[in-house]
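For this chain, numbers begin at 1 and follow the sequence in order. Numbering of ligands and ligand atoms starts at 1, following listing order.
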Amino acid sequence: MPNNAAENMRANYGSWAVIAGASDGTGAEYARQLAAAGINLLLVSRRLPKLDELAAGLRASHGIETRTLALDLYADDAPEKLFDAVKDVAVGLYISNAGADMEFTPVLDRSLDKLLGLIRFNIVNVTKACYYFLQPMRKRGRGGAIVMSSVSGLVGGQPGSGMYSATKAFELVLAESLWAELRGENVDVIGVAAPPMSTPAAVGVLAAAGMDKPEIVGGLYKPADVVATVLAQLGKEPCHVFDYVGVDIEPGNVTAAARHLRIKAVEDSVAKLFGLDK
Ligand SMILES: NC(=O)c1ccc[n+]([C@@H]2O[C@H](COP(=O)([O-])OP(=O)(O)OC[C@H]3O[C@@H](n4cnc5c(N)ncnc54)[C@H](OP(=O)(O)O)[C@@H]3O)[C@@H](O)[C@H]2O)c1
């Protein structure tokens, strides 16, 4: 990250960020790029040794402060534990990263427990974490949040991913709503319709299906590129939509621009309806 971009990151988002799902893939990449900007980090996931190793490397190369926390983000009390781990510092950036679903099974072929678990992971706990972290940012008049959704959240019907897509649609709309509600208060929120990426989770799914061939994995987006794009777009748009891979469909920037236009149009018409535009 160029020096002025790093300074802007610190000026806009302060000295501490929290990454939920930080031990590999895009989460670890957010950690690397934010550490390079001099931002201290709370790294959270289930595998503590991986977090500790990443944190030690970032402390050594960038001189930042780090904290690590082993936590299952499916748990009922995960958002409270997350918030508690940094209650003594001013967190200026919250990154909701973990959220993949490894099971490609139609909705009605899953147990209800599994469906409700995914709702807790990607809907209830993401909402609670955004609520906890964004309230103090709003009071301070400074901060931001990144919500990693998916291109799967743009449309239903993807085989075996119905429930996942529905939770990702929720994340995208929640982030866009928070963007609209907080943009006058110097708090930036962005929803990310992330593309197929070569994260360990995604490559693991491909490997299980015997599809982890170099020509397939090599065609996926690289986590480092996705993260650099998102950090550059934070504060500039309500959602960033990446292009699909291998699907001939509307480009991501066209989808994102249409969503942005709709947000503005709906805002204007509702304001008129309730006389809020006076
Ligand atoms: N990869 C893709 O192709 C793709 C495509 C579109 C959207 N996305 C979205 O991008 C985000 C990142 O995806 P990803 O592929 O890197 O896989 P992911 O499993 O969502 O994220 C990996 C990170 O999250 C942690 N994690 C996973 N489950 C967790 C849990 N229950 N509790 C705590 N931490 C957990 C993992 O560490 P531990 O194992 O140590 O817990 C790891 O650090 C997700 O929101 C996903 O929906 C991914």
Side-chain angles (χ1 to χ4, degrees), residues 18-32 41-55 68-79 81-82 85 94-104 114 117-126 129-130 145-155 158 161 163-172 174-175 190-209 211-212 216-227 229-230 239-247 252:
V18 172
I19 305 172
S23 61
D24 64 24
T26 42
E29 200 49 52
Y30 277 115
R32 286 186 201 103
L41 299 168
L42 170 64
L43 306 175
V44 183
S45 81
R46 293 162 300 183
R47 290 171 294 168
L48 192 58
K50 282 211 70 131
L51 295 177
D52 284 340
E53 190 188 335
L54 176 63
T68 55
L69 175 66
L71 193 62
D72 183 352
L73 292 161
Y74 268 83
D76 280 329
D77 59 354
K81 287 189 170 152
L82 201 57
Y94 177 65
I95 300 178
S96 172
N97 179 64
D101 172 40
M102 303 300 176
E103 206 181 309
F104 289 88
K114 286 219 163 153
L118 202 52
I119 288 175
R120 192 166 58 254
F121 184 39
N122 277 345
I123 296 186
V124 176
N125 286 357
V126 170
C130 286
I146 295 169
V147 180
M148 287 296 280
S149 171
S150 168
V151 288
S152 300
L154 296 170
V155 66
Q158 192 176 306
S161 292
M163 199 63 216
Y164 172 71
S165 294
T167 64
K168 290 284 147 183
F170 173 90
E171 288 180 327
L172 207 51
L174 176 70
I190 192 167
V192 181
M197 303 176 282
S198 54
T199 62
V203 174
V205 169
L206 288 175
M211 286 167 62
D212 56 337
I216 295 179
V217 175
L220 303 177
Y221 279 74
K222 293 185 177 45
D225 297 339
V226 169
V227 165
T229 301
V230 174
C239 71
H240 189 80
V241 180
F242 286 85
D243 292 339
Y244 278 82
V245 171
V247 183

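- Classification of the Y221-F242 ring pair by plane angle, with boundaries at 30° and 60°, yields perpendicular.
- Annotation: the span from I95 atom CD1 to M148 atom CE amounts to 9.0 Å, rounded to 0.5 Å.
- Protein residues are said to neighbour a ligand when one of their heavy atoms lies under 4.0 Å from it; for ligand 1 these are G21, A22, S23, D24, T26, S45, R46, R47, L71, D72, L73, Y74, N97, A98, G99, A100, F121, M148, S149, S150, Y164, K168, A194, P195, P196, M197, T199, A201, A202.
- Here the side chains of Y94 and I19 are not in contact, with every heavy-atom distance at 4.5 Å or above.
- What you find for L43 and L51 is that their closest heavy atoms are O-CD1, 3.5 Å.
- Across E53, R47, R46, a single residue satisfies side-chain contact (heavy atoms from CB on, under 4.5 Å) together with S23, and that is R47.
- Side-chain contact annotation: S165 with Q158, donor-acceptor N/O pair under 3.5 Å absent.
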